[in-house]
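Accompanying notes for the structure given below.
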Amino acid sequence: MSDISPYSGSTIQEGLSPNHLKKAKLMFFYTRYPSSNMLKIFFSDVKFNRCITSQLIKWFSNFREFYYIQMEKFARQAINEGVTSSEELAVGRDAELFRALNMHYNKANDFEVPERFLEVAQVTLREFFNAIVAGKDADPSWKKAIYKVICKLDSEVPEVFKSPNCLQELLHD
């Protein structure tokens, strides 16, 4: 069953597709903590219900979990390699951390990751590094302080993501 969306002129789907997952992964480069209202705007070709909303929120939760696991792993690795200051940590396009994240969210590497994501990744890595060096990881809820910092670093998702055909537009530019 499908309806025509009054907003996009395209068909509204009952469920989420692999293309929706790919779109969500690319959106993660801009926003780690999207609201349910934001998701409804950017997935206008989907008929929203509690299950669909839950699934999209779960996807972003999983994306964040992978992101934070990588950050902790790379922060601990830097400490083990003798890095003594978070200022020594940089995340560029040639960094192993960036390659791991890019492979996860942009597997085909056909999307130009925004520069702002590299900045956010660097801030995140440094936050993890500083917290571990300070011994804060002894507290079971030590990551919550980092999450509070990172959630404020979301950027505006480009308008093109509102289009149900955005993948074709994004991946061919």
Between Gly92 and Phe98, the two heavy atoms sitting closest are O-CB, 3.2 Å
In short, Ser163 meets Glu169 closest at the heavy-atom pair OG-OE2, 3.3 Å
For residues 97-108, the salt bridge (charged side-chain N to carboxylate O under 4.0 Å, His left out) pairs (sequence neighbours left out) are none
For residues 138-148, the salt bridge (charged side-chain N to carboxylate O under 4.0 Å, His left out) pairs (sequence neighbours left out) are Glu72-Lys143
Those residues at least two apart in sequence (or on a different chain) that pass salt bridge (charged side-chain N to carboxylate O under 4.0 Å, His left out) with Lys25 are none
Sorted by chain and residue number, the salt bridge (charged side-chain N to carboxylate O under 4.0 Å, His left out) partners of Glu96 (sequence neighbours excluded) come out as none
For this session: May I have the step-by-step check of side chain to side chain contact (heavy atoms under 4.5 Å, CB included) for Val113 and Tyr105, ending in yes or no?
Result: CA-CA 10 Å; Val113 176; Tyr105 306 114; over 6 Å; no
Applying side chain to side chain contact (heavy atoms under 4.5 Å, CB included), run through Phe60 and Leu39 and close with a yes or a no. CA-CA 10 Å; Phe60 277 87; Leu39 293 172; 3.7 Å; yes
Residue set satisfying side-chain hydrogen bond (donor to acceptor under 3.5 Å, both in side chains) with Asn80, at least two apart, ordered chain then number -> none
Residues 53-66 vs side-chain hydrogen bond (donor to acceptor under 3.5 Å, both in side chains), sequence neighbours excluded, gives none
Counting only pairs under 3.5 Å, give me each side-chain donor-acceptor contact of residues 115-130, with atom names and distances, residues two or more places apart or in other chains.
unit_1	atom_1	unit_2	atom_2	d
Glu115	OE1	Arg93	NH2	3.2
Arg116	NH1	Glu119	OE1	3.3
Gln122	OE1	Val91	N	3.0
Thr124	OG1	Tyr67	OH	2.7
Thr124	OG1	Val120	O	2.7
Arg126	NE	Ser86	O	2.9
Arg126	NE	Leu89	O	2.9
Arg126	NH2	Glu87	O	3.3
Arg126	NH2	Leu89	O	2.8
Asn130	OD1	Ser86	OG	3.4
Asn130	ND2	Ser86	OG	3.4
Asn130	ND2	Arg126	O	3.3

Tell me if a side-chain donor or acceptor on His104 pairs with a main-chain N or O of Leu101 at a distance below 3.5 Å. no
Extract all donor-acceptor atom pairs below 3.5 Å that involve side chains of residues 149-157 and protein atoms in other chains or at least two apart in sequence.
unit_1	atom_1	unit_2	atom_2	d
Asp154	OD1	Arg32	N	2.8
Asp154	OD2	Thr31	OG1	2.7
Asp154	OD2	Arg32	N	3.3
Asp154	OD2	Tyr33	N	3.0
Ser155	OG	Tyr30	O	3.4

